[in-house]
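A short worksheet on the structure shown next.
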Amino acid sequence: MVGYYNQGVPTTVDLENNTNQKKYTVNRPKGKSLVISRALCTLMAIGALLLAVLVGLVVFFLVPRGCSADSNNAVGSLVRKENVKLATSPEDEIDERLPRSIKPVQYMIQLKPDFHNSTTDGLEMITLVPSEDTDTIIFHVNKIHIREDSVTVKPTEKSEAVFLESLSISSQEHLEGERYEIVLDDQLKKGKSYVLTLQFQGELNSHLQGFYQSHYTTLSGDSRFAASTQFSPTDARRAFPCFDDPSFKAKFKIRLARPANMSSLSNMPLERSEMFETAQGTWFWDNYPETPEMSTYLVAFIISELTQLQSTDDLIKIWARREFLTQTDYAGKVAPSILRYFENYFRADFPLKKIDIVAIPEFGFSAMENWGLLTFRESSLLFDNFSSTVEDKRTVATVLSHELAHQWFGNLVTPKWWNDLWLKEGFATYLQYLGVAHAEPSWNILDEFLPSEIERAMSLDALESSRPISFDVCNSMQIKQAFDEISYAKGACIIRMMNNFLGEETFKNGLIKYLQKFKYSNANRNDLFTSLTEEARLRNVLGAGESVKQIMDTWTEQAGFPVINVAPDYSRNTLKLVQKRFFLTQSDSKDKFLWWLPISFTSSVSPNFISTTPKFWMRGEEEIVEEVGPIGEWYLLNLNHTGYYIVNYDEHNWKQLIDHLMDFTPITWAQLISNAMDLARANQLDYEIPLKLIARMGIQDSAIMFVPTAVAFGKLQFLSDILHDTPVFGIFEEYHKAVFKMAYDIVDFNDNIDHYLTRRIRHTVLEWSCRSPESRCVHESRSQFRAWMTNGKTILPNLRSVIYCTAIREGSDIEWDFAYKKYLETSSPTEKNVLLDALGCTKLKWLLSRYLDKLIDGYSIRIQDAGRVFESIAKNKEGTQIAFDFLRKHWNYMLEHYGDGFNILGKMVQALTVHMNTEFQLEELERFRDSIKANISTTTRAFDSAIERVKGNVEWMRKNYKQVEDWLTKHQEQFMYL
């Protein structure tokens, strides 16, 4: 008890009136009183205050802020089983999401670009409706100057369409997280309508983000410029102030100023043009009618001198540079076919009055699905019969199909927030195969899903650093990193799995219901799962009490995928199945991940490779025992790899599968080779199994089937890279030459057959048969390249990538300089790509260094091509260290020059890992990551996965190298007889 000596506890008044500086004590046993002076009290109070401030700072900087999606935040509560962290500094965790107190319903945007000063002048009117009383308006801006004296907020009477007096503004300021705040003296009333008007100045940047300016040169050598947009995911705020979240859908009226010699495009058809004079000459205001409700990231406009070509459908026009217009013929033919297919598939017509498909001279992504105005990188849209390859044609078809699928999944129905990015990108990736299969049925492109999507997804998802498909993001840096293989490829894989366990009709009808219910609105994954469950119950597809959500939450809320280990009991005709998460590298994780797994099954007793309907399920159980009837000589699970998991069989069954391999379908060959090689790489299966599978197929496949051959070479590439500097590399070379001898002998440089699969097989096989300097393939490549150099003899387009790379690799600076000169001279976008890749093939390190320097000279390599150039060098064994040193030296410049919009630097980081397999290289990569943490930008996840891959390579050398060396050495004389 505290008292004034023995007179009791002092009151507040006593303390405040203590003019005589009496001393107060803390109650203690008699004789042990503690006396505290007023000065000491003051010091203690100051210390307590400082301590409180210190604690506050610690909490501020160490406790993650903003990324938890609580009920008061932008997207509501999210439930997930893993804490995925994409940021490394407090600035990275700033929550950029906006309050839900106000909804924008209409934008009227007027923009006039100044090409000379690389700026824009804008006028904007945003109609707002508060969902609650508030005195604050917060929206997004990035690198935009708002004229404060131009800002007004006025109520409007909807019925009379008249504006009332402006409301008084208390303050305006920029907030962290690319936001701008206007505070009013009075409250905006719930449900009333208001108009926010403002003037602003923005920039025409060179980073290919927002509203940006690009330059190109015509065939006659004249310089031209264009201005176009790339707003996805969070860069509409660079072009005009806006509520830049996908759930803030609104209608947009666009008004653009342009010089008389240029034209403009936007989401809607041009309504009217008005001429006006400027100091630079005659200009026009182009006015566009109001759009449907849509998200800001889908708004688009272009000002350029591009020209148009009408497609085979009145709805669709293709735009490109005048000299490239003839190269739009293929796109003009295939786009209408795919569009009409999707209209029929979804039973919903495309809702806008036109589609412009535009080849942009400089473009960061491959393409963008802006509603009614699809924008493409030139090499992703143009096809030239004289310089483009069959791979280029595939790219045009698949990218077009992907963007057209977005017109429904993404545009008509938009994810509520970026945590469900897969709802648009996964669906567009899955649906692109259906669209191309319809437009080009002879390609059999559905068979390519395994090497193109399953392999791509699993290569990242097998790492411990992988993330769930659905996970929390709260700002631009985190959102941009979500555009990865998980959202695209894994998203497509689990959608394909849903299709297979629900059945095509149930799946399709569920999607139609989903699109109808949420059109012109937003949805999340639970909305999708509900629509699919309703349809599944109508058709009695699911078990009693089961739902799609119950199944799919195990796939969307946790990272990775499982391996099923199978143990048969042949006497009882049962299979014991045990699931666990599959890791390529050793994991110390104590977390137990379990999935709902649809299990399809066949065996030698009654083989059926067509039906992929589940025969039974693992319903989140770690282990089950299932009776399957007579097993016979062999059995198979997960037919056609429709389930997103891999299977590890017992040794007896693996050997039987090897013996009967050629009795199975080519897709099954590919699946078994893929699964077995991954299991062996993870030290869960002896390498004898996959190497014998590959040998059996290579030796006996006289037809040289494309998909299994591509998968086999893809898996062997890992062994080639990691064994390159080891004593056994020469024997490995003997292995693939022996088992693919028939393919190497049959496939030559005769490219006269215009057949998609034949040409893809030729390219795949020639890449490997040209590896040995003494091979016939290398001799022919160098001969054809020399003929091109000396007398201009044309090399056939589908052979160029192999011939260029081989001749430059085996040649000198003479071949390199010639190829670079051709790169500068050619106007063909696809030919430029082939040459850029080939220039990275040289063995001469000084040439690789010179090539890298062109990334920072400011003019030689376009921003969109930087990743391609760096990757071609980093994946070259002679260039890995050079590329790594270059990136470390020039990191800050590269980040400033290339920006953070398209993960260019992240791709560079990931490209470094192919030939890194020593402890020293791992330590150097980790040290580099740590040294740039303050400036790591959007490469956090790239570094995480790159470091884990290198750890895996180091671990592989320690655990698997001796096994592979012993097996190759033991069977060196028997490769042809495996």
Side-chain angles (χ1 to χ4, degrees), residues 387 389-391 698-699 701-702 704 706 709-710 712-713 716-717 719-721 723-725 729-753 758-823 831 833-845 847-848 851 872-873 875-879 972 975-976:
S387 62
T389 68
V390 67
E391 283 82 8
I699 293 167
D701 178 22
S702 58
I704 316 177
F706 170 63
T709 302
F713 281 137
L716 287 174
Q717 187 64 52
L719 287 181
S720 175
D721 292 335
L723 295 175
H724 191 276
D725 288 339
F729 183 70
I731 305 178
F732 171 78
E733 288 287 286
E734 292 178 24
Y735 167 80
H736 78 79
K737 288 181 199 175
V739 300
F740 289 105
K741 182 179 186 304
M742 178 171 57
Y744 294 167
D745 289 343
I746 292 174
V747 177
D748 56 21
F749 287 83
N750 179 10
D751 192 45
N752 295 327
I753 301 175
T758 300
R759 283 181 164 164
R760 296 214 68 194
I761 291 166
R762 175 172 289 105
H763 180 268
T764 301
V765 173
L766 286 178
E767 277 191 324
W768 274 74
S769 63
C770 274
R771 287 162 56 97
S772 301
E774 72 280 0
S775 67
R776 174 173 57 89
C777 183
V778 169
H779 175 77
E780 180 66 21
S781 294
R782 300 191 70 180
S783 175
Q784 289 201 30
F785 194 88
R786 197 175 301 114
W788 182 36
M789 290 177 63
T790 55
N791 57 33
K793 185 177 180 181
T794 302
I795 298 172
L796 294 173
N798 288 291
L799 303 176
R800 287 177 186 172
S801 64
V802 172
I803 290 175
Y804 291 1
C805 180
T806 303
I808 290 172
R809 184 185 72 230
E810 302 299 331
S812 67
D813 59 324
I814 297 174
E815 286 83 358
W816 198 97
D817 287 339
F818 176 80
Y820 185 70
K821 180 172 177 286
K822 288 298 182 182
Y823 162 75
E831 176 74 353
N833 284 349
V834 174
L835 286 162
L836 287 174
D837 289 340
L839 289 165
C841 293
T842 180
K843 294 177 182 176
L844 301 177
K845 294 183 178 181
L847 276 177
L848 294 173
Y851 194 22
S872 72
I873 298 166
K875 291 189 174 181
N876 179 341
K877 177 63 179 175
E878 304 302 325
Q972 185 174 2
F975 290 146
M976 287 294 293

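No hydrogens, no waters, no symmetry mates; every other heavy atom, side chains included, goes into these values. From a predicted model like this one, the values you see are computed outputs, not experimental measurements.
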If you count the non-hydrogen atoms of other residues, nucleotides and ligands that lie under 6.0 Å from NZ in K737, is the total more than 12? yes
Would you find a donor on one side and an acceptor on the other, under 3.5 Å apart, between the side chain of R762 and the backbone of D748? yes
Hydrogens and angles aside, do E815 and S812 bring a side-chain donor and acceptor to less than 3.5 Å of each other? yes
Within a reach of under 6.0 Å around CD1 of I814, are more than 12 heavy atoms found that belong to other residues, nucleotides or ligands? no
With a 4.5 Å limit on heavy-atom distance, are the side chains of N798 and L796 in contact? no
Which distance, rounded to the nearest 0.5 Å, do you find between the OG1 of T842 and the CD of E878? 9.0 Å
Taking the six-membered ring for Trp, are Y804 and W788 parallel (under 30°), tilted (30 to 60°) or perpendicular (over 60°)? parallel
Pair V778-R809, side-chain contact (heavy atoms from CB on, under 4.5 Å): steps then yes or no: CA-CA 10 Å; V778 169; R809 184 185 72 230; 4.0 Å; yes
Is it the case that more than 12 heavy atoms not belonging to K877 sit under 6.0 Å from its NZ atom? yes
Distance in Å, L839 CG paired with Y820 OH, rounded so as to fall on 0.5 Å steps: 8.5 Å
Evaluate the pair C805, C770 and indicate whether the two SG atoms are within a distance below 2.5 Å. no
State, to 0.1 Å, how close E810 and P773 come at their nearest heavy-atom pair, and which atoms those are. OE1-CB, 3.9 Å
For the residue pair I704 and I761, what are the closest heavy atoms and their distance? O-CD1, 3.0 Å
Here the gap from L847 atom CG to C841 atom SG, rounded to the nearest 0.5 Å, amounts to 12.5 Å
Non-hydrogen atoms of Q717 and W768 that approach each other most closely: OE1-CZ2, 3.5 Å
Ignoring hydrogens, what is the shortest heavy-atom contact between G840 and Y851? Give both atom names and the distance. N-CE2, 3.6 Å
Between the side chain of S781 and the main-chain N/O of C777, is any donor-acceptor distance below 3.5 Å? yes
Parallel under 30°, tilted from 30 to 60°, perpendicular over 60°: which one fits the rings of F713 and Y744? parallel
Interatomic spacing from CD1 in I808 to CD1 in I803 - rounded to 0.5 Å: 11.5 Å
Is a salt bridge present between E831 and R800, judged by a nitrogen-to-oxygen distance below 4.0 Å? yes
L766 vs L799 side-chain heavy atoms within contact, under 4.5 Å: yes
Separation between CG (D745) and NZ (K741), nearest 0.5 Å, reads 4.0 Å
Is H763 close to E767 at the side-chain level, that is, under 4.5 Å between some pair of heavy atoms? yes
For a 4.5 angstrom cut-off between non-hydrogen side-chain atoms, does F785 reach T806? no
Please answer whether the main-chain N or O of S872 pairs with a side-chain N or O of D837 as donor and acceptor at a distance below 3.5 Å. no
Can you confirm whether H724 is buried at NE2, in the sense that more than 12 heavy atoms of other residues, nucleotides or ligands lie under 6.0 Å from that atom? yes
R771 and S720, any side-chain heavy atoms less than 4.5 Å apart: yes
To check you understand the geometry: which heavy-atom pair defines the closest contact between K822 and L835, and what is its length? C-CD1, 3.8 Å
Is the shortest heavy-atom distance from the side chain of F740 to the side chain of L716 under 4.5 Å? yes
When rounded to the nearest 0.5 angstrom, what is the spacing between CG in D751 and CZ in R759? 4.0 Å
